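Report on the following structure.
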Amino acid sequence: MEAFFVQDPSVSTALNELELTRKYIARMNIQGIACIALAVLVFIAGNSFAGVEIGVVLGLCALIPGIVFLSRAGSRSGAYKSGFKQKVIGAALTRMDSSLSMQPDQGIPEHEFVSSRLFVTEPDRYNAEDLVVGKAGKTGFYFSEVHAEYKTEVRTKNGTRTEWHDILSGIVFCADFNKDFRGFTVVRPQDIGSKLGGWFSKHVFSFGSNDVVELENEAFSKLFITHSTDQVEARYILTPALMERICKLNELCAYTVSLSFIDSRMYIAFPLDRNYFEPPVFTSLLKPGILDHDLNILRFMYNIVKDLDLNTRIWTKQ
Amino acid sequence: MLIAGIIAVLVLIFGIGIYNSLINKKNQVTNAFSAIDVMVKKRFDLIPNLVEVVKQYTGHEAGTLEKITELRGRAISPVATEGDKLALDQQIGAAVKGLMVSVENYPELKANTNFLNLQSTWTESEEQIAAARRNYNATVTSYNNAVMQFPGNMFAGMLGYVPMPVLAASEQERANISAKELFNS
């Protein structure tokens, strides 16, 4: 797909223009870092041979240009990133489907992330960007990169230290579900805690959580634990066919996904190892394969609607 | 002495948990069956409208419509048992599926908004009934496991609880429905 995509005249022109900016930013960064390294060396040498004052003066002589170079790189990098997202990622989206668009500065808001109930833990620090909105057939969807974290306080000799832990670093995808429902159903990866809760729910009802849904698909139940406010509604949503499709979708991911069905919408959280849609600084934009990861993830997200058969609208919800 | 006391209390708590669990599972089976009943009744309520709309546009489906109306009449009669209702619902479902296939021959009916609404409501009710049946089966399986496995079987014997049958899909449900096969028999 990429080779075909970069041959598009508008994309090719944009890439060539952005490449010039990238080279400038890379040069400024290298020069800036070199000057700062030189400043450290000069300060150490000056301090050793001619005293602290001389060391500081000589160090500043190298440090000031370094800061200037880095600030020049910084001043252009914002425009470089947004140019890449709008002209390259935007063009890739339009080529995929004319309804798709990207809003780089926006993302799924924190209150929506919390109300989606994808995760039990509420975030203490939340950042979302690169919102993609559009339709695949009849089904509206959107997704964005999300980094949600919670903090813990660790006691040290000198007091306490704050440690940050990821709730999700990846993409949250939301699509209009093809059936109406009133309650909520969440499908989360199995872990030891949920297995224990499930066992108690199954064998010693009074002590377990009674919202666990025991589904008949063994492969699905091995991967996920399902909770719902309504046992019948959970099965109305999670038909045998949808469970199969979710398992297949999960096979394509490195980490087990989480899903929730709420307000007649479906949310999926994909934990990922990398930050997508960010242009490279020290690698050429014209290098073959450089856009592969971004284009593949876009295609993957777009195909979810088809993979989960969300365009089938034979029920009352149209 | 203290340890023996703690163990006795733990055993007692565990025993109460299992006893309550059995009662809960039995009640869940009853609830799950009620859920099917509610869904089935909702579906029965759709039939008069469906029959009326189809009647306006089709000339050759009178027999099918009469059969559906007759089955509905039997299903909602006060003398029908829960088992009868489920069996009749399966027959009604199969008959309506056949009718939906025949509708292909009536383009005007296929374009009628009322009919399209009824068709999607019917499809939805089918999915809801299927979900309710799956829920019932899951509840019965959970109940049966509790009744048959140790230590639940000890309490089940005392309570007089016995394993219950799950709802199997009918032969008609398993087979692809053909309108001709259904109504020419």
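Computed from a prediction, not measured in an experiment: that's the story for all the values here. Each chain gets a letter, A, B and so on, in the order the sequences are listed, and its residues count up from 1.
Atom CD of A:Glu214 and atom CG of B:Asn135 lie 11.5 Å apart (nearest 0.5 Å).
Interface remark: A:Ile237 contributes no atoms to any contact with chain B (heavy atom separation under 4.5 Å). Contact annotation for B:Ala132: both backbone and side-chain heavy atoms come within less than 4.5 Å of a heavy atom of chain A.
Crowding of A:Phe177 atom CZ: a count of heavy atoms from other residues, nucleotides or ligands under 6.0 Å exceeding 12. The 12-atom threshold is exceeded at CG of B:Leu10, counting heavy atoms of other residues, nucleotides or ligands nearer than 6.0 Å. Within 6.0 Å of CD on A:Glu153 lie more than 12 heavy atoms contributed by other residues, nucleotides or ligands. Counting heavy atoms of neighbouring residues, nucleotides and ligands inside a 6.0 Å radius, atom CE of B:Met148 does not exceed 12 of them.
When side chains are defined from C-beta on, B:Met39 counts as touching A:Val232, because their heavy atoms get closer than 4.5 Å. Using a 4.5 Å heavy-atom threshold, the side chains of A:Lys179 and B:Glu124 count as separate.
Checked by atom type and distance alone, the side chain of B:Arg134 pairs as donor or acceptor with a backbone atom of A:Arg235 at under 3.5 Å.
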